[in-house]
Amino acid sequence: MSERRKLGWRRLDNAAKIFPSTRNGTNTCVFRFSCELLEDINPEILQDAANAAIMDFPGFQCVMKRGVFWYYLEQCNLMPIVYEEKKVVCAPIYEEGERKLLFEVSYYQKRINLEVYHVLTDGTGAMHFLKNIVYHYLKLAHKEDFGTETFVFDHDASLAQRASDGFKKYYQKIRKTKRMYLGRAYNINFKKHDDERLQIIEGIASVKKVIEVAHGYNTTMTVFLAALLIDAIHKEMSLQNEKYPLVLMIPVNLRQYFPSETAKNFFGMIGAPYDFKSRSGEFSDIISVVNSIFKEELTTERLSLRMNSLAALEYNPFIRVVPLSLKNLILRRIRKINNQRETAVLSNVGRVTMPELMKPYIQRFSMIASTLRLQLCLCSFEDSLQMVFSSSFISTDIQKHFFRSLSNYGIDVEIRCNDFYQKEGM
Amino acid sequence: MLFCPKCIVSVNGDKRCCPLCQGELSGESSEDVGAYPYIERPKYNKSKLLRIVSFAAIVSIVVCVSINLMVSTRVWWSLFAAGGIVCGWIASSVGIVYKRKLFKNITWQLFILTTLAVLWDWIIGWRGWSIDYVLPCTCLASMLSMVVLSKVMKIPVREYIVYFVLDAVYGIVPIIFFLTGTLNVVYPSVICVAASIVSISALILFQGKNMKEEMARKMHV
């Protein structure tokens, strides 16, 4: 393989640059996408499927290395090794100096898990990759049904398109950014587990029923669930806590606003603050506030403003020449300040689509993200809505309020959670 | 499936209590395995070794000084012992911190050991053994160990080229002592400088492209 002789490498994209330095406790910067089939997973077929999928996403076949000024990704020929789930959900993937891929494929019963280090890609990129694995898996496992037919994905993209950098494409130097100042936000300060572990509580409900309730409030499902989350957190806030606003951070897939087929990171964060001091705290009022924030913030102009101010940091000549260890210290400091400005995170992956013929084999898709405090991830497939809470707290009261309010609307919810250590609590 | 009457939710798996409110569950569990496997308790011994080494170093220094105080011999031998222990502690903690990065570790050890040797030599009355023997011999040893390790572990040249160059450049330093006439014994230094020059020229002539590419990767801003 003579083309391998010149070793490929690439810079981290703009959003990825902050992740290596910000790993902290339960926030491992790892997120998991999983797909539950209707059949038990065959590890050998899954291995073949993972091998086939990596051929479609050659950019994922790389290791992270430390340079003098920045980390970088180096192309390698390691192959993913499929294993039966045995680690904590979203366990750290990258260890300094270790030479291994930045994603892992595992399985448990009927579920295929893809865990990805955020440096590699964002939710959209990872979802495309998982769908690709599932596609190859089903094709290999059900040769008689699918034969040699190929299916077209809705995210069809060339290799060059996947390798492009969205941030670079849409970056423009801006003179003055009107900085949207977010002050300190309410920080949930429940007791944490003494060892770093993530508590996962997922609720499964019918998409149709939740949408029905949301339409009753004249709003979308995402806004409705965001408001429900704000309300659930509020129930655990003391009057003292209310001096700070509750800020819900919401990652936005920028590909929807700035056409790009990149498989690298291309997302931005918007903040939805709700101030209980100056507002009523009524559920309908929370909905109207979240609704208006979504309308205001989710426009190309607002998002590009945010994106450019973030990128400006990377293009700053002074920051660029600071040695990596010092840079990590600075970025960690910035991250700490930013952490105080958010209460919880809500990620909405949205509706997952698969080729029509494959749908009958798939039960649901879900997403889990590692977090320092509390995060809710939403993902839907057909009529199955997956609402997954990841949290580093012992208390499950916020999750309780959230799911109880859902069931009070007459929505049937199935609860699943992860267990720790055989002999302890079940 | 189990059911929590208070939260009005069904609960997957074989749980003792509701994951949300920790209340009692009703109904029969249909499946005995949950949606997630039981996992092993993660081990958190990231810096345990370092702590053990540090503790051992402190204890031995304290013991030495105490014995010295109790058995008075007029000689403060415990200070030498303490110095030795501190040096050992520095070298081993660097070794632990960089345990995953073999070549970086070797390079660091080279710098640390030679610096400490010069310090010792200077403190206990300059006799020149540190630059006569220690500096050239450790340089040679580290270059040799890099070559051997990379061959044995089949590590590609680009992975250690930067460290090898650093080593070889450091290996030319003894020429200064030779020219200023501070050396008592010249053989080790001459061999070290010669080997370093040969290595560097070999690298530039045969691995120049590799070196340039590695530099571009490591130094990009």
Side-chain angles (χ1 to χ4, degrees), chain A residues 6-7 9 11 36 65-70 72 74 84-89 91 95-99 108-109 111 195-197 199-205 317 320-322 396-397 399-404 406-408 410-426, chain B residues 1-23 25 29-44 46 97-105 153 155-159 161-162 209-210 212-221:
Chain A
K6 188 165 190 281
L7 199 68
W9 70 281
R11 295 155 178 268
E36 203 178 310
K65 292 219 162 169
R66 229 186 133 106
V68 176
F69 303 107
W70 296 105
Y72 60 93
E74 195 178 85
E84 183 165 11
E85 190 175 343
K86 57 173 189 253
K87 288 193 266 184
V88 200
V89 176
E95 289 292 343
E96 191 100 33
E98 233 175 307
R99 197 181 152 75
Y108 183 69
Q109 294 178 6
R111 191 174 63 218
D195 45 5
E196 296 154 359
R197 61 193 197 188
Q199 171 76 60
I200 309 297
I201 293 187
E202 50 179 281
I204 304 166
R320 283 166 80 160
V321 295
V322 172
T396 53
D397 286 339
Q399 292 94 316
K400 180 184 77 182
H401 295 312
F402 182 86
F403 288 120
R404 275 192 183 178
L406 265 188
S407 52
N408 279 340
I411 299 165
D412 293 325
V413 184
E414 184 195 330
I415 299 291
R416 296 171 164 197
C417 69
N418 62 342
D419 305 290
F420 295 103
Y421 329 136
Q422 197 80 60
K423 269 169 198 149
E424 265 179 41
M426 298 237 299
Chain B
M1 197 166 286
L2 294 163
F3 189 78
C4 174
K6 275 189 255 160
C7 300
I8 333 177
V9 293
S10 37
V11 176
N12 162 283
D14 186 19
K15 310 280 179 207
R16 262 202 314 247
C17 62
C18 171
L20 297 176
C21 67
Q22 283 77 44
L25 293 169
S29 166
S30 49
E31 61 277 81
D32 45 350
V33 276
Y36 292 88
Y38 288 108
I39 44 122
E40 278 169 38
R41 186 181 279 275
K43 294 185 188 99
Y44 291 98
K46 273 179 208 151
V97 169
Y98 290 123
K99 62 171 181 265
R100 285 172 207 266
K101 299 170 165 179
L102 199 52
F103 295 100
K104 199 174 189 173
N105 203 342
M153 298 171 72
I155 294 168
V157 184
R158 57 159 198 282
E159 295 278 316
I161 200 161
V162 173
K209 215 174 164 193
N210 240 336
K212 227 170 124 188
E213 278 175 22
E214 182 66 17
M215 281 319 218
R217 282 192 286 267
K218 283 255 184 278
M219 305 292 288
H220 81 274
V221 283

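In this text the structure is predicted, and so the values were computed from the model without any measurement. Only heavy atoms go into these numbers, but all of them, side chains included; no hydrogens, no water, no symmetry mates. Residue numbers begin at 1 in each chain, while the letters A, B, ... track the order of the sequences.
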Q) Of all of Lys86(A), Glu85(A), Gln399(A), which one pairs up most often with chain B through heavy atoms under 4.5 Å apart? A) Glu85(A)
Q: List the steps, then state whether side-chain contact (heavy atoms from CB on, under 4.5 Å) holds for Trp70(A) with His220(B).
A: CA-CA 7 Å; Trp70(A) 296 105; His220(B) 81 274; 3.6 Å; yes
**Q.** salt bridge (charged side-chain N to carboxylate O under 4.0 Å, His left out) between Glu36(A) and Arg416(A), intermediate numbers included
**A.** CA-CA 14 Å; Glu36(A) 203 178 310; Arg416(A) 296 171 164 197; 2.9 Å; yes
Q | Proximal component of Val322(A), with respect to chain B [non-hydrogen, under 4.5 Å] | A | neither
Q.
What part of Arg111(A) gets within 4.5 angstrom of chain B, counting heavy atoms only: side chain, backbone, both, or neither?
A. side chain
Q.
Taking the basic N atoms (NZ, or NE/NH1/NH2) and the acidic carboxylate oxygens, is any pair closer than 4.0 Å for Glu159(B) and Lys65(A)?
A. yes
Q: State the CZ-SG distance between Phe403(A) and Cys18(B), to the nearest 0.5 angstrom.
A: 10.5 Å
**Q.** Part of Gln109(A) within contact of chain B (heavy atom distance under 4.5 Å)
**A.** side chain
Q) Of the options Val413(A), Asp397(A), Ile415(A), which is the one that meets Leu20(B) in a side-chain contact (heavy atoms from CB on, under 4.5 Å)? A) Ile415(A)
Q. Contact part of Glu84(A) toward chain B, heavy-atom cut-off under 4.5 Å: side chain, backbone, both or neither?
A. neither
